[in-house]
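Side-chain atoms are counted along with the backbone in the values below, which use heavy atoms only and exclude waters and symmetry mates. Every number for a ligand or one of its atoms is a count from 1 in the order of the listing.
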Amino acid sequence: MPASILSSGPEAYQRAADILKRGGLVGLPTETVYGLAGDARSPAAVDLIYAVKGRPAHNPLITHVLRPEDTCRLAHVSKSAEALMTAFWPGPLTLVLPRRGPQPKTAAGAGLPTIALRCPDAPWRDGLIKAGFSGQLVMPSANLSGHVSPTTAAHVAADLGDKIELIIDGGPCKAGVESTILKIEKDYAMLLRPGSLPHEAFVPFISDLRLPKRGSQISAPGMLASHYAPKARVRLNAAAKNSGEAYLGFGPYSVDADINLSPTADINEAAQNLYSALRALDTVGVIAVAPIPETGIGAALNDRLRRAAAAR
Ligand code: TXA
Ligand code: MG
């Protein structure tokens, strides 16, 4: 039976809580992209996430807390991590911290001594608690492994609708690209994945912020060079379209554009539209993409586009 799609609200949160409590999976909207959620304590739910997505076992899952204070039981929280949590949670920041206690009984940690934690800005956090689920959620993006992340409930249904019971529809995601992942080490912090929150935001909190070298690829375990990819080949920095290509425009690069990510060259609007556009144009052999500025969330857009264009 295909997944039910329910609008955000108390009835949907109750259904979701019931499914999560018995080890099932739910598609949930967040401010970044839609996630595929399961109870972090349930080995069966975790195994199901890897199976449903076709995700390699070496790629660990982000644990999502319903309340920021739950973090202290799961990880060692340094002063700088605490300051970042206070400033940016709930929000699109994932912190990689030293795990507290032994490895979990589930496969979610991939054997690492660290744990990735995030508190999303989403009304279902309170909704699930009120409906009787107060654990943590492991929640990768709700797409088939390697495919473009979903930013609408319909995207989730297209990838996973025949494999899960419920998708909660919260409308299109506000940010449109995944959370920023920051690994907190003793004396410095390392950006593992550029994301919705531009790294410039961390400067007041971190004296030694290290960025991956431009063009360097694998940083987080499981972050493969070729990832976030449509089936079509992707050609970057294309000033115009060649015959037979679809053209993804941006701002003034609009001549013959099949879709313009933002006619007014607004980088945040472009981020909101990127994954929908890649999905919509994925009927052709080649998607040519206009130059996109690196400023702000543009760093994350260009990271995803480079991965989409990488040889597979
Ligand atoms: O915005 C987001 O973060 C979305 C929404 C649903 O919350 N989630 C998401 O999850 O993007 P996923 O699984 O698609 O990407 C998580 C990334 C992976 O690249 C994984 O390798 C990395 O986080 N990761 C997880 N645990 C880690 C750890 N302990 N150390 C380093 N990287 C880790
Ligand atoms: Mg993903």
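Backbone and side-chain nitrogen or oxygen atoms of T30 are examined, and none is located within less than 3.5 angstrom of a nitrogen or oxygen of ligand 1. In terms of polar-atom proximity, defined here as any N/O pair under 3.5 Å, H64 does make such a contact with ligand 1. Note: an N/O pair closer than 3.5 Å links T32 and ligand 1 by distance alone.
Listed by atom number, the atoms of ligand 1 under 4.0 Å from M139 heavy atoms are 6 (C), 8 (N), 10 (O). For ligand 1, the atoms closer than 4.0 angstrom to any heavy atom of L112 are 28 (C), 29 (N). Those atoms of ligand 1 with a heavy atom of L192 less than 4.0 angstrom away are 31 (C). Heavy-atom contacts of N59 reach the following atoms of ligand 1: 18 (C), 20 (C), 21 (O) (cutoff under 4.0 Å). Ligand 1 places these atoms under 4.0 Å from at least one heavy atom of S179: 1 (O), 2 (C), 3 (O). Set against the non-hydrogen atoms of P60, the atoms of ligand 1 under 4.0 Å away are 20 (C), 21 (O), 24 (N), 25 (C), 26 (N), 27 (C), 33 (C). With ligand atoms numbered from 1 in the order given, ligand 1 contributes 25 (C), 26 (N), 27 (C), 29 (N) to contacts under 4.0 Å with heavy atoms of A116. Close contacts of ligand 1 with G35, meaning ligand atoms under 4.0 Å from a residue heavy atom, involve 6 (C).
With a 6.0 Å cutoff to the six-membered ring centre and a 45° limit on the axis angle, R41 counts as a cation-pi contact of F133.
Other residues, nucleotides and ligands contribute at most 12 non-hydrogen atoms within 6.0 Å of the OH atom of Y253.
With G109, P29, S141, A142 as candidates, the residue nearest to atom 14 (O) of ligand 1 on a non-hydrogen basis is S141.
For the pair K183 and ligand 1, no heavy-atom separation below 4.0 Å is found. For the ligand labelled ligand 1, residue R193 lies inside the 4.0 Å heavy-atom shell.
Side-chain contact of T30 with R118: a donor-acceptor pair under 3.5 Å is present, judged by distance alone. With no hydrogens or angles considered, no side-chain donor-acceptor pair links N268 and Q272 at under 3.5 Å. Residues T264 and D266 have side chains that never bring a donor and an acceptor to within less than 3.5 angstrom of each other. Residues T94 and S179 bring a donor and an acceptor atom of their side chains to less than 3.5 Å of each other.
Using a 4.5 Å heavy-atom cutoff, the side chains of C173 and Y34 are in contact.
Contacts between T114 and ligand 1 below 4.0 angstrom, taking non-hydrogen atoms only, involve backbone and side chain alike. With a heavy-atom cut-off of 4.0 Å, K53 does not touch ligand 1 at all.
Of the charged side-chain nitrogens involved, none lies within less than 4.0 Å of a carboxylate oxygen, so that E178 and R193 do not count as a salt-bridged pair. With respect to the salt-bridge test (charged N to carboxylate O, under 4.0 angstrom), the residues R307 and D303 qualify. Salt bridge E294/R306: present, at least one basic N to carboxylate O contact under 4.0 Å.
Taking backbone and side-chain atoms together, N143 has no N/O/S atom less than 2.8 Å away from the Mg ion (ligand 2).
Across N302, T180, V177, a single residue satisfies side-chain contact (heavy atoms from CB on, under 4.5 Å) together with I297, and that is V177.
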